[in-house]
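Inspection log for the structure reproduced underneath, given as structure tokens.
Model, not experiment: these values are computed from the prediction. Labels below follow one simple rule: chain letters A, B, ... track the order of the sequence lines, proteins then strands, and each chain is numbered from 1.
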Amino acid sequence: MSLTTDPVSGPYQYLKAQSRWRVLEVAFWLCTLLPYFLFPNYLVLASQIAITALFALSLDLILGYAGIVSLGHAAFFGLGAYAAGILSKHGWGEPITGLIVGGVIAALVGYASSFIISRFRHLTLIMITLGLGLLLHEAANSAHFLTGGADGLQGVKIWKIFGLYGFDLWGYTAYTYSLIVLFLGFLLARRITNSPFGLALRGIRENAVRMPAIGAPSHAHIRKIYTISAAMAGVAGALLAQTTETVALEVLSFQRSADTLVMLVLGGAGMLYGGIVGSAIFMIARDQFSGINPQYWYFWIGLLLIVVVMVLPNGVLGGLKKLFTTWRGPS
Amino acid sequence: MRGYLTRLGFCGALAAFAVSPVQAQSTVKIGVILPYSGPLADTATQMDGGIKLFMQRHGDTVAGKKIEIIRKDTGGIAPDVARRLAQELVVRDGVDILTGFVLTPNALAAAAVSEQAKKPMVIMNAATSIITTKSPYAVRVSMTLPQITEPLGAWAFRNGIKNAFTMVSDYAPGHDAEQGFQRAFKAAGGEIVGAIRTPVNNVDFSAYAQRVKDANPQSVFIFVPAGKEPAAVMKSLAERGVTPDKIKILGSGEIVDDTGLKSMGDEALGVITSYHYDRSHNSQLNKEFVKDFRAANGTLNPNLLAVGGYDGMHLIYETLKKTKGNPEAEAFIGAAKGMSWESPRGSVQIDPETRDVVQTIYVRKVEKVGGELTNIEFDKTENVKDPVKARMPK
């Protein structure tokens, strides 16, 4: 009885406890600095992992938290990449503004499409997001004058960051830049998920119809998070375009949407760190397996996925969490 | 702060490494970037087969240096991956030469690395004209599409064809092929009576074939990528009575490549195409090449990609001989310029001005040899340069 008498402090305390930084989290972010010292030859890969992680994080916001299944999220990634790339091609190669433009354009399209997205759930959503993704892919293919079509965008040149740090062959700048953006994106996602709005999203994931009954407008919430997620995906795409100075149709491909979904599931959806861990595991495994055997490495990736899904249904992080609670004993 | 210092120290170490004489090394590492997995894995099988065959015949030592091959998989069209792999090959594996490259977007992305890292890049296939202009250290041994289709346009008019209809796949290589053919054909005095572009990965060509029939041209020029499409086009054309005895069917070699011909019937007889290589090319060198390639790859016939791989390695070996094993970009490219040799496809040369290949373009006709549809060469244009770069302002 006494537990429920204070309607404000209950949930408030819960959210406050959630948003406290744990030792493990601090340790995790310190680990992201390790590549500088331990694997300085792998910084290019590390930068692409950070970019993919940011993209996976954006997908986690809608899939893991709001329960919006999307197979076309690469649309926003690609929009961001093309926006930043085309901007630089036409003479403005400043990276930070490029990121912002990429994010804003993806957000605008995300906002427009969110009106459709918020009306549907589950299988219908998969079809719609898939369709939107394919439409954009084909549009980019046809708009040869703007995107370079199947040959990819030519002439992307990115200036030095703050006029000081140019993108080097070893990937120092690329990794530092991507890592900082990933961390900022993560802080934003963490703030969102640990807010009342984040709680409402989880409510929508569990039951979208009941949420309006307790005064939380499902459609408005979904539109909001979808736009934020699209912006984040756009920033990730812009990052990839800038650090690699290439944009090709592949940034919009179904394969990219699907791969990211797989990474998220591998790491554990709905846990913030799931996307980051998943993309790190997936991309490192891919790098190592394909280095050993360039022809048939997909076999090992497939095997890895099957094992993870069978043994750890909630992803690697979900598994670790379970192990941790068992070890701690029921609290 | 410590990180910054470590970083400075590392950069210093790298700088020291970069200026140390490369000649001291006893191996030359070659990074091969190809789509080994995914839907385009066939192309990598062919090209890798060519590379292996060359090394099997000529050993893995040249000019006192051991040749070491490091293979990397892009999984298909993925320029960001190709660029990363190129960077990693240079930084992590310390390769001296980048090669492979079936696909244009990947080659363009890697060209940026070749330029930045000052590493020679030998392009074994990717066929868009501009690639070799993107790095001063890039050299190409394959072909460009205008190089293939412009000679055909000129040939067609010389041989009494006064008007043509063009039908190409609606993507960059299709546009290249179409423009090449049309330009040369019109320049010679021919008339283009119609032009259509078909969607990429199209399966039903009946509507397009009908339009060709309605236009009733003297000839139709076709470009679609090798794979399933050529057989589908031929079938649709034949169903509407567009056969080589009534309307001449012209095209680039893609439409009658080995896999395509296997799924075509006699409707393909008499199709005239231009290309730089076919396994039936009549020379002693090619006969041995085909025989050895088949022996090593389970009766797979070599195609242009296999020859690209073989010739790419040939160029690398001969250039290293000339530079006495020095793979540094300036020396390597300097030596590669003007290099000429006898390839299974005929004689080829590297244009000293554009670093692109100069070769003979053959005109072939599909005929039946021993029950099998085969491309038989019956005419040729020698010493064809890439016409797009020849027109570029110097």
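- By the neighbour-count criterion of 12 heavy atoms within 6.0 Å, atom OH of A:Tyr296 is sparsely surrounded, having that number or fewer from other residues, nucleotides or ligands.
- If you measure heavy-atom distances from A:Leu249 to chain B, you find no contacts under 4.5 Å at all.
- Applying the side chain to side chain donor-acceptor pair (under 3.5 Å) test to every pair with at least one member in residues 74-92 of chain A, sequence neighbours left out, gives these pairs: A:Trp92-A:Thr97.
- Taking non-hydrogen atoms and a 4.5 Å limit, the residue list of residues 300-307 of chain A in contact with chain B is empty.
- Neither the backbone nor the side chain of A:Ser47 comes within contact range of chain B; no heavy atoms are under 4.5 Å apart.
- B:Ser37 has its side chain within reach of A:Trp297: a pair of non-hydrogen atoms, C-beta onward, lies under 4.5 Å apart.
- For chain B, no part of A:Phe289 is nearby; none of its heavy atoms comes within less than 4.5 Å.
- In this structure, CG in B:Asp170 is found 7.0 Å from OG in A:Ser142, a value given to the nearest 0.5 Å.
- The CG atom of B:Leu103 sits 11.5 Å away from the CD atom of A:Glu250 when rounded to the nearest 0.5 Å.
- The two residues A:Asp287 and B:Arg92 come nearest to each other via the heavy atoms OD2-NH1, 3.3 Å.
- Near-neighbour residues of residues 79-87 of chain B relative to chain A, defined by a heavy atom under 4.5 Å from a heavy atom of that chain, comprise B:Pro79, B:Asp80, B:Arg83, B:Arg84, B:Gln87.
- Contacts between B:Thr128 and chain A at a heavy-atom distance below 4.5 Å involve the side chain alone, from C-beta outward.
- Contact annotation for A:Asn293: neither backbone nor side-chain heavy atoms come within less than 4.5 Å of a heavy atom of chain B.
- Heavy-atom distances place the side chain of A:Thr246, and not its backbone, under 4.5 Å from chain B.
- The stretch residues 48-55 of chain B places B:Asp48 near chain A, each with some heavy atom under 4.5 Å from a heavy atom of that chain.
- Within 6.0 Å of the CZ atom in A:Phe39, the count of heavy atoms belonging to other residues, nucleotides or ligands does not exceed 12.
- In terms of non-hydrogen atom pairs under 4.5 Å with chain A, the most contact-rich of B:Leu108, B:Thr104, B:Ile77 is B:Leu108.
- With rounding to the nearest 0.5 angstrom, the CZ atom of A:Phe167 is 11.0 Å from the CD atom of B:Gln116.
- In this structure, A:Tyr298 OH and B:Asp73 CG are separated by 9.0 Å, a value rounded to the nearest 0.5 Å.
- With a 4.5 angstrom heavy-atom cutoff, B:Ala41 does not touch chain A via any of its atoms.
- Neither the backbone nor the side chain of B:Ala112 comes within less than 4.5 Å of any heavy atom in chain A.
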